[in-house]
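Single-structure report; data block below.
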Amino acid sequence: MKLTNDNEEVREMETAEHEEISSSSPSPSPSPCSLVIDEFPVKRSIVVGYALTSKKIKSFLQPKLEGLARNKGIIFVAIDQNRPLSEQGPFDIVLHKQIGKEWRRILEEYRLGHPDVTVLDPPDAILHLRNRQSMLQCVADMNLSDSYGRVGVPKQLVIKRDASSIPEAVNEAGLRLPLVAKPLVADGSAKSHELSLAYDQNSLLKLEPPLVLQEFVNHGGVLFKVYIVGEAIRVVRRFSLPDVSRRELSKSAGVFRFPRVSCAAASADDADLDPNIAELPPRPLLERLAKELRRGLGLRLFNLDIIREHGTRDRFYVIDINYFPGYGKMPEYEHVFTDFLLSIMQSQCKKRALADQY
Ligand SMILES: Nc1ncnc2c1ncn2[C@@H]1O[C@H](COP(=O)(O)OP(=O)(O)OP(=O)(O)O)[C@@H](O)[C@H]1O
Ligand SMILES: O=P(O)(O)O[C@H]1[C@H](OP(=O)(O)O)[C@@H](OP(=O)(O)O)[C@@H](O)[C@@H](O)[C@@H]1OP(=O)(O)O
Ligand SMILES: [Mg+2]
Ligand SMILES: [Mg+2]
């Protein structure tokens with residue numbers, strides 16, 4: 001299925017699983033490699049520069065994370081976005097979640113000039129998740145189906161402008177009501193999270209493009225958030241929108257705006273739920289999905305929302321993918337994240353050691 005068409009804002013995505021971490025000329029400062037590779041004699045900390053929103057700093061850079069990181073030889077240093085990046089650090093890893101063209105340009109330039117620094121993640125790849133149409137293209141193209149289940153995306157349609165054309169476009173595309181209307185751009189603004197459910201044809205005229213219209217899939221009111229940190233995967237259950245029965249649909253009309261129904265406060269991990277609804281998606285299926293998405297999106301830090309079609313055991317739909325999500329709510333995130341940073345240093349050091357041999 002082709003979900004994307006001509007969105008000018010989204011550039012070609014990077015297909016490499018990792019950005020290249022090539023060797024650099026030996027640096028005068030001591031190498032942090034001794035922390036992860038024994039043969040290196042000089043010790044220094046692994047320096048992680050971060051450019052995050054204040055909200056993200058509060059939820060992610062918690063004292064427990066910083067403490068555990070320090071014990072593992074990792075320190076976090078705030079990046080001053082008003083000063084040239086190359087005058088700061090030196091960094092081994094750069095973590096960021098910021099929007100804006102200028103910041104992307106600065107980071108791209110920095111990556112080119114500092115191939116020995118790992119930038120998590122490449123700005124161009126992140127851009128792919130800022131549009132709800134291109135966000136799910138990778139899942140649609142994957143067409144994942146094996147003995148553990150099938151993973152797809154709900155049928156969807158993009159409306160760029162002119163709400164009056166929506167009913168006809170919906171008919172032509174064969175989309176079935178009710179429809180979830182999502183702002184096309186997912187840039188982290190409050191507005192980009194303002195979703196609504198449209199029950200009938202007439203109410204479609206009230207929607208405000210640009211948006212993505214997605215078929216609502218009944219899923220028993222529970223969704224699974226799959227957090228990915230490099231190779232690591234953690235899954236939590238959250239409450240979601242309740243099912244819409246045929247009867248309810250025939251009686252309902254209008255546009256129902258709904259708030260962030262699956263936020264952290266909506267944890268369903270301890271709820272007493274129907275096991276057919278609550279059962280987590282099979283681990284091997286999620287591992288395959290995560291691996292392919294890491295490769296296809298060129299990202300290592302993201303989460304995805306996945307639902308199981310109610311009444312089925314193995315029919316899944318990915319409805320949302322978020323870059324650098326709220327890891328503070330992921331079980332064991334401090335351990336998972338610090339181990340991930342160490343593993344990145346390990347591969348940097350191995351590459352450097354190999355390059356030094358030649
Ligand atoms: N196609 C769908 N079928 C059923 N429910 C859906 C569908 N799409 C979205 N939802 C419901 O709406 C909620 C919000 O949708 P979505 O995750 O796309 O928005 P978001 O603002 O990007 O969320 P996040 O806070 O995770 O970034 C979901 O958590 C789920 O409860
Ligand atoms: O606010 P929280 O900590 O819950 O994290 C949310 C995060 O907000 P933040 O990046 O500003 O922190 C969101 O990013 P934007 O789309 O708004 O950019 C998005 O990724 C949500 O899916 C995250 O919630 P989660 O999926 O993990 O429950
Ligand atoms: Mg979501
Ligand atoms: Mg989202």
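Just follow the structure's listing: the first ligand is 1, and inside any ligand the first atom is 1.
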Check your understanding: Which ligand 1 atoms are under 4.0 Å away from a heavy-atom of Leu223?
Key -> 28 (C), 29 (O), 30 (C), 31 (O)

Review point. What are the atoms of ligand 1, with element, lying closer than 4.0 Å to any heavy atom of Lys225?
Key: 26 (O)

Review point. Short list, please: which atoms of ligand 1 are under 4.0 Å from a heavy atom of Asp305?
Key: 17 (O), 26 (O)

Check your understanding: Out of the N/O/S atoms in Asp320, what is the name of the one closest to the Mg ion (ligand 3)?
Key -> OD2

Practice item. With heavy atoms of Lys182 as the reference, note each atom of ligand 1 found under 4.0 Å away. Key: 8 (N), 9 (C), 16 (P), 18 (O)

Check your understanding: For ligand 1, which atoms, with element, lie under 4.0 Å from some heavy atom of Val261?
Key -> 13 (C), 31 (O)

Revision key, fill the gap. Atom 11 (C) of ligand 1: closest protein heavy atom, distance to 0.1 Å, is Leu241 CD1, 3.9 Å

Check your understanding: Among protein heavy atoms, which sits nearest to atom 2 (P) of ligand 2, and what does the distance come to when rounded to 0.1 Å?
Key -> Lys329 NZ, 3.2 Å

Review point. Does any N/O atom on Ser192 come nearer than 3.5 Å to any N/O atom on ligand 1?
Key: no

Point to revise | Contact check: Tyr227 vs ligand 2, nitrogen or oxygen atoms, below 3.5 angstrom | key: yes

Point to revise | Closest non-hydrogen atom pair between Lys225 and Ser262, with its separation | key: CE-O, 3.7 Å

Point to revise | Interatomic spacing from CZ in Phe316 to CG in Leu144 - rounded to 0.5 Å | key: 10.5 Å

**Study point:** Heavy atom of the protein closest to atom 12 (O) of ligand 2 (residue, atom name, distance)
**Key:** Lys56 NZ, 3.1 Å

Review point. Parallel, tilted or perpendicular: which describes the rings of Tyr199 and Phe256, with under 30° parallel and over 60° perpendicular?
Key: tilted

Point to revise | Closest contact, heavy atoms only, Ser192 versus Arg132 | key: O-NH2, 2.7 Å

Study note, to complete from the structure: The atoms of ligand 2 lying under 4.0 Å from a heavy atom of Gly326, numbered in the order shown, are 3 (O), 5 (O), 23 (C), 27 (O)

Practice item. Indicate, as side chain, backbone, both or neither, the part of Asp187 found under 4.0 angstrom from ligand 2 when only non-hydrogen atoms are considered. Key: neither

Exercise for review: I would like to know whether Arg234 and Glu332 meet salt bridge (charged side-chain N to carboxylate O under 4.0 Å, His left out); could you show each step before the answer?
Suggested key: CA-CA 9 Å; Arg234 292 286 185 283; Glu332 305 170 312; 3.0 Å; yes

**Study point:** Any Thr53 heavy atom less than 4.0 Å to ligand 2
**Key:** no

Review point. Around atom CZ of Arg150, are there more than 12 heavy atoms of other residues, nucleotides or ligands at under 6.0 Å?
Key: no

Review point. With a 4.5 Å limit on heavy-atom distance, are the side chains of Leu273 and Val222 in contact?
Key: yes

**Study point:** atom 17 (O) of ligand 2 - nearest protein heavy atom and its distance
**Key:** His193 NE2, 2.8 Å

Check your understanding: Closest non-hydrogen protein atom to atom 23 (O) of ligand 1, residue and atom name please, with distance?
Key -> Asp320 OD2, 3.3 Å

Review point. Is the closest heavy-atom distance from Arg238 to ligand 1 below 4.0 Å?
Key: no

Practice item. Indicate the ring-plane relationship of Tyr110 and His114, choosing parallel, tilted or perpendicular according to the 30° and 60° boundaries. Key: parallel

Exercise for review: Return the name of the atom in Asp305, of element N, O or S, nearest to the Mg ion (ligand 3).
Suggested key: OD2

Point to revise | Heteroatom proximity flag, Val217 to ligand 1, N/O under 3.5 Å | key: yes

Exercise for review: Apply salt bridge (charged side-chain N to carboxylate O under 4.0 Å, His left out) to the pair Glu102 and Arg105, showing each step before the final yes or no.
Suggested key: CA-CA 5 Å; Glu102 182 55 12; Arg105 191 195 59 72; 2.7 Å; yes

Exercise for review: Starting from atom 19 (O) of ligand 1, find the nearest protein heavy-atom neighbour and note its residue, name and distance.
Suggested key: Leu195 CD2, 3.5 Å

Review point. Nearest protein heavy atom to atom 26 (O) of ligand 2, by residue and atom, and its distance?
Key: Lys225 NZ, 2.8 Å

Exercise for review: Could you list which atoms of ligand 1 come closer than 4.0 Å to a heavy atom of Ser262?
Suggested key: 28 (C), 29 (O), 31 (O)

Point to revise | Under 4.0 Å to a heavy atom of Asn322 - the qualifying atoms of ligand 1, by number | key: 26 (O), 27 (O)

**Study point:** Atom CD of Glu208 with >12 non-hydrogen neighbours under 6.0 angstrom
**Key:** no

Review point. With a 4.0 Å heavy-atom cut-off (strictly under), which part of Met330 contacts ligand 2: side chain, backbone, both or neither?
Key: neither

Review point. When you look at CZ of Phe340, are more than 12 heavy atoms from neighbouring residues, nucleotides or ligands closer to it than 6.0 Å?
Key: yes

Check your understanding: Within less than 4.0 angstrom of ligand 2, does Arg238 place any heavy atom?
Key -> yes

Check your understanding: Angle class for the Tyr227/Tyr327 ring planes (parallel below 30°, perpendicular above 60°, tilted otherwise)?
Key -> tilted

Check your understanding: Is the closest heavy atom of Pro154 to ligand 1 under 4.0 Å?
Key -> yes

Review point. Taking the side chain as C-beta and beyond, is there a heavy-atom pair between Arg83 and Gln88 under 4.5 Å?
Key: yes

Check your understanding: Is the shortest N/O to N/O distance between Ser262 and ligand 2 below 3.5 Å?
Key -> no

Review point. Is the shortest heavy-atom distance from the side chain of Val94 to the side chain of Tyr50 under 4.5 Å?
Key: no

Exercise for review: Check whether any N or O atom of Tyr323, backbone or side chain, sits under 3.5 Å from an N or O atom of ligand 2, and answer yes or no.
Suggested key: no

**Study point:** ligand 2 contact on Arg260 by region, counting heavy-atom pairs under 4.0 Å
**Key:** side chain

Point to revise | Heavy-atom gap Phe239 to ligand 1 smaller than 4.0 Å | key: no

Check your understanding: Is it the side chain (CB and beyond), the backbone, both or neither of Phe258 that lies under 4.0 Å from ligand 1, heavy atoms counted?
Key -> side chain

Revision key, fill the gap. The atoms of ligand 2 lying under 4.0 Å from a heavy atom of Lys55, numbered in the order shown, are 1 (O), 8 (O), 9 (P), 11 (O), 12 (O)

Point to revise | Atom indices of ligand 2, in the order listed, that fall short of 4.0 Å to a heavy atom of Gly188 | key: 15 (P), 16 (O), 17 (O), 18 (O)

Review point. Salt-bridged, Arg352 to Asp116, with N to O below 4.0 Å?
Key: no

Check your understanding: Heavy-atom count around Arg70 CZ within 6.0 Å, excluding the residue itself: above 12?
Key -> no

Practice item. Among all protein heavy atoms, pick out the one at the shortest distance from atom 18 (O) of ligand 2; state its residue, atom name and that distance to 0.1 Å. Key: Lys97 NZ, 3.0 Å

Check your understanding: atom 1 (N) of ligand 1: which of His219, Gln214, Arg260 has the nearest heavy atom?
Key -> Gln214

Review point. Considering distance alone, does some N or O of Asn322 sit under 3.5 Å from an N or O of ligand 2?
Key: yes

Exercise for review: May I ask you to check whether Phe302 and Phe324 place their ring centres under 6.0 Å from each other?
Suggested key: no

Review point. Do Leu297 and Ile126 have side chains that get closer than 4.5 Å, going by heavy atoms?
Key: no

**Study point:** Distance, nearest 0.5 Å, that separates CD1 of Ile46 from CD1 of Ile74
**Key:** 5.0 Å

Point to revise | Non-hydrogen atom of Arg132 closer than 4.0 Å to ligand 1 | key: yes

Review point. Any idea which heavy atoms bring Tyr148 and Asp314 closest together, and the distance?
Key: O-CB, 3.8 Å

Check your understanding: Side chain or backbone of Tyr327 under 4.0 Å from ligand 2, or both, or neither, by non-hydrogen atoms?
Key -> neither

Study note, to complete from the structure: When every non-hydrogen atom of Leu301 is compared with those of Val229, the smallest separation belongs to CD2-CG1, 4.0 Å

